[in-house]
Peer 1: 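My structure is below; once you've seen it, I'll send some questions.
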Amino acid sequence: MLGVFLMLIDIRTIKGNRATEMYISAAPEAGKDMLLQAQEIFKGIKDALDANGAKIFLERIFATTESFDELLAIRSDVYHDIDDGVGPTCLSVPEGINGKLAGVHLHAITNCDEMKTIGNDTEPLGRIATVGDISYLTLSGVTAGRKETAKEQSEEMFHTAENIMKENGIDFLAVPRTWMWLRDILDWYDVFNLVRNDFFIERGLIQKGAPNKMPASTGIGIGPSSGEYCTMDLTAIIKPAGAVDYLDVSGKQESAYDYGSAFSRAASVPTPAGTTFFISGTASIDEAGATTNLGDAEKQIEDTIINVRAVLGEMGCQDKDMVQTFVYCKTPEIEKLFCEKFFDLPWPMITCVADVCRGDLLFEIEATAMQAG
């Protein structure tokens, strides 16, 4: 695996026996013009993809709501012939240390036997990449704008994703990773957990007397730029079937389901270039599920990093295997603290301001690691 820092863009390239996967994390420099930097970021991404013959598999943009029209226009102009019609997940965040554009994340794959788009009746929402005997699916920005309440939107979001997967021969038992982007999370996270728990129980991901098969996940206080209460990204393995491994307990952290949240601490799955390890949103939480270091942002950051590294170790990974890290800070001041005191953390990172799932949690990290195979 090769890590390269090119201007504003961090590129992690994982070369497998049959394909290469690229994880690109791009963030602007503080104090610089957003539109000029967006032009530079999207051009840098396109140049990297073109140089490697890679195709976009999943993309996200984190920015202030009012910035998206201009950012998407720049993206469309720059990407041009590599745009297959599947839009990036557009996620609204407050202005942070880097200004109105917090960052862009992109996952791309080379040497696919086939890369096709999938979706519902109205729009393309994802892709399937096939490399040899591995077929890998992603969905991005799955929403349910027709429903009125947060509960109804979250229910419809799950059903929409499930229907698309069923059309491609799989269900949620094939999903190693979900990302739940939840606007105003502190107002309705308990409601969301009830919806997710019921859905997973009905689909057999949670069964009494059997190991849970819950995806690794992030539930964070960031909503879609379109204004709905929630949107979801996910990855799934079509073939080989039954290939997901789950990590329910790690380090000092017990199962999240014990305190009401239906997700595994981590999950791993074969992907085109090797094995991918998904680390759920991780925070300063103890064995009983209680928040630690109340009111102390720096201690919560330190504890969170320890907990993330514990998950890495459980999966046989090291810092060098990290290909993607999202850092969520409750306030701009905490984001500034993290960037000043933990700048030497050897992980590719995008930081942004967002509420975590509890009012007393000030900080959260989620990550992806890869080992070539």
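Source: prediction; values computed, not measured.
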Peer 1: For residues 271-281, which residue pairs pass the side chain to side chain donor-acceptor pair (under 3.5 Å) check, not counting sequence neighbours?
Peer 2: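 Pairs touching residues 271-281 that pass the test: Glu21-Thr271, Thr271-Thr276.
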Peer 1: Quick test of your reading of the model: are Arg183 and Glu228 salt-bridged, counting only N-O distances below 4.0 Å?
Peer 2: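 Between Glu228 and Arg183 there is no salt bridge, as every charged N stays at least 4.0 Å from the carboxylate O atoms.
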Peer 1: I would like to know whether Ser140 and Asp233 meet side chain to side chain donor-acceptor pair (under 3.5 Å); could you show each step before the answer?
Peer 2: CA-CA 4 Å; Ser140 57; Asp233 298 343; 5.0 Å; no
Peer 1: Under 6.0 Å from the ring centre and within 45 degrees of the ring axis: does the NZ or CZ of Arg12 meet both conditions for the six-membered ring of Trp347?
Peer 2: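 Verdict for Trp347: no cation-pi partner in Arg12.
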Peer 1: Which pairs pass salt bridge (Lys or Arg N to Asp or Glu O under 4.0 Å) with one or both residues in residues 149-158, sequence neighbours excluded?
Peer 2: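 Only Arg146-Glu156, Lys151-Glu155 qualify under salt bridge (Lys or Arg N to Asp or Glu O under 4.0 Å).
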Peer 1: Restricting to pairs with a member in residues 349-358, which pass salt bridge (Lys or Arg N to Asp or Glu O under 4.0 Å), not counting sequence neighbours?
Peer 2: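 Residue pairs with at least one partner in residues 349-358: Lys330-Asp355.
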Peer 1: For Phe42, which residues count as a ring-ring contact (aromatic ring centres under 6.0 Å, His included) partner, sequence neighbours excluded?
Peer 2: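 Phe42 satisfies ring-ring contact (aromatic ring centres under 6.0 Å, His included) with Tyr79 only.
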Peer 1: Does the pair Lys43/Asp47 count as a salt bridge with the N-to-O cut at 4.0 Å?
Peer 2: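 Salt bridge flag = yes for Asp47 with Lys43.
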Peer 1: When hydrophobic residues are tied together by side-chain contacts of less than 4.5 Å, even through go-betweens, does Ile305 share a cluster with Leu294?
Peer 2: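 No: no chain of side-chain contacts under 4.5 Å links Ile305 to Leu294.
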Peer 1: Kindly write out the residues that satisfy side-chain hydrogen bond (donor to acceptor under 3.5 Å, both in side chains) with Thr65, not counting sequence neighbours, or none if the list is empty.
Peer 2: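 Testing Thr65 for side-chain hydrogen bond (donor to acceptor under 3.5 Å, both in side chains), a comparison that skips the adjacent residues, returns Ser92.
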Peer 1: Suppose the criterion is salt bridge (Lys or Arg N to Asp or Glu O under 4.0 Å): which pairs have a residue in residues 79-98, not counting sequence neighbours?
Peer 2: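 Listed once each, the pairs are Lys46-Asp81, Arg75-Asp83, Asp84-Arg127.
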Peer 1: So, Thr235 and Thr138: side-chain donor and acceptor under 3.5 Å apart, yes or no?
Peer 2: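 There is no such pair (donor and acceptor under 3.5 Å, judged by atom type) between the side chains of Thr235 and Thr138.
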Peer 1: Are there over 12 heavy-atom neighbours, none belonging to Asp121, within less than 6.0 Å of that residue's CG?
Peer 2: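 Not buried by this count: 12 neighbours or fewer within 6.0 Å.
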Peer 1: Quick one: side chain to side chain donor-acceptor pair (under 3.5 Å) pairs with a partner in residues 165-174, sequence neighbours left out?
Peer 2: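 Qualifying pairs, neighbours excluded: none.
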Peer 1: Report all side-chain donor-acceptor pairs from residues 109-118 shorter than 3.5 Å, counting only partners two or more places apart or in another chain.
Peer 2:
{"residue": "Thr110", "atom": "OG1", "partner": "Thr20", "partner atom": "N", "Å": "3.0"}
{"residue": "Thr110", "atom": "OG1", "partner": "Thr20", "partner atom": "O", "Å": "3.4"}
{"residue": "Asp113", "atom": "OD2", "partner": "Gly132", "partner atom": "N", "Å": "2.7"}

Peer 1: For Thr143 and Thr231, does a side-chain donor sit closer than 3.5 Å to a side-chain acceptor?
Peer 2: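 No donor-acceptor contact under 3.5 Å links the two side chains.
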Peer 1: For Ser25 and Asp10, does a side-chain donor sit closer than 3.5 Å to a side-chain acceptor?
Peer 2: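 Absent: no donor and acceptor within the cut-off.
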Peer 1: Using a distance-only test with no angle check, is there a side-chain donor-acceptor pair under 3.5 angstrom linking Tyr328 and Glu335?
Peer 2: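 Note: Tyr328 and Glu335 side chains miss the donor-acceptor criterion.
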Peer 1: Search all heavy atoms of Val311 against all heavy atoms of Arg265 and return the closest pair with its distance.
Peer 2: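 Reported closest heavy-atom pair: CG1-O, 4.3 Å.
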Peer 1: Which class fits the ring pair Tyr229 and Trp188: parallel under 30°, tilted 30 to 60°, perpendicular over 60°?
Peer 2: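 Correct class here is perpendicular.
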Peer 1: Would a distance-only check, ignoring hydrogens and angles, find a side-chain to backbone donor-acceptor pair under 3.5 Å from Thr351 to Val327?
Peer 2: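 Not a single qualifying donor-acceptor pair exists.
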Peer 1: Taking the side chain from Ser268 and the backbone from Phe277, do they hold a donor-acceptor pair closer than 3.5 Å?
Peer 2: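 No, Ser268 side chain to Phe277 backbone: no donor-acceptor pair under 3.5 Å.
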Peer 1: In plain terms, say whether Arg309 and Asp319 are close enough for a salt bridge, that is, a side-chain N and a carboxylate O under 4.0 Å apart.
Peer 2: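 Salt bridge: yes.
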Peer 1: State which residues pass side-chain hydrogen bond (donor to acceptor under 3.5 Å, both in side chains) with Gln207; sequence neighbours excluded, sorted by chain then number.
Peer 2: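 Applying side-chain hydrogen bond (donor to acceptor under 3.5 Å, both in side chains) to Gln207 gives none.
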Peer 1: Whether the side chain of Ser76 engages the backbone of Leu72 through a donor-acceptor N/O pair (distance < 3.5 Å, no angle test) should be reported.
Peer 2: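 Side chain of Ser76 to backbone of Leu72: no pair is present.
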Peer 1: Taking only residues two or more places apart in sequence or in another chain, which ones pass side-chain contact (heavy atoms from CB on, under 4.5 Å) with Glu333?
Peer 2: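 If we apply the side-chain contact (heavy atoms from CB on, under 4.5 Å) test to Glu333, skipping adjacent residues, the hits are Thr331.
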Peer 1: With sequence neighbours left out, write down each residue that passes ring-ring contact (aromatic ring centres under 6.0 Å, His included) with Phe278, or none if nothing qualifies.
Peer 2: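 Result, ring-ring contact (aromatic ring centres under 6.0 Å, His included) vs Phe278: none returned.
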Peer 1: Using the ring of each side chain (for Trp, its six-membered ring), is His107 parallel, tilted or perpendicular to Tyr23, with breaks at 30° and 60°?
Peer 2: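 Because their plane-to-plane angle is under 30°, the rings of His107 and Tyr23 count as parallel.
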Peer 1: Does a donor on one side chain and an acceptor on the other come within less than 3.5 Å for Asp303 and Thr292?
Peer 2: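 There is such a pair between these side chains.
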Peer 1: For residues 199-222, which residue pairs qualify under salt bridge (Lys or Arg N to Asp or Glu O under 4.0 Å), counting only residues two or more places apart or in two chains?
Peer 2: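 Listed by first then second residue: Glu162-Arg203.
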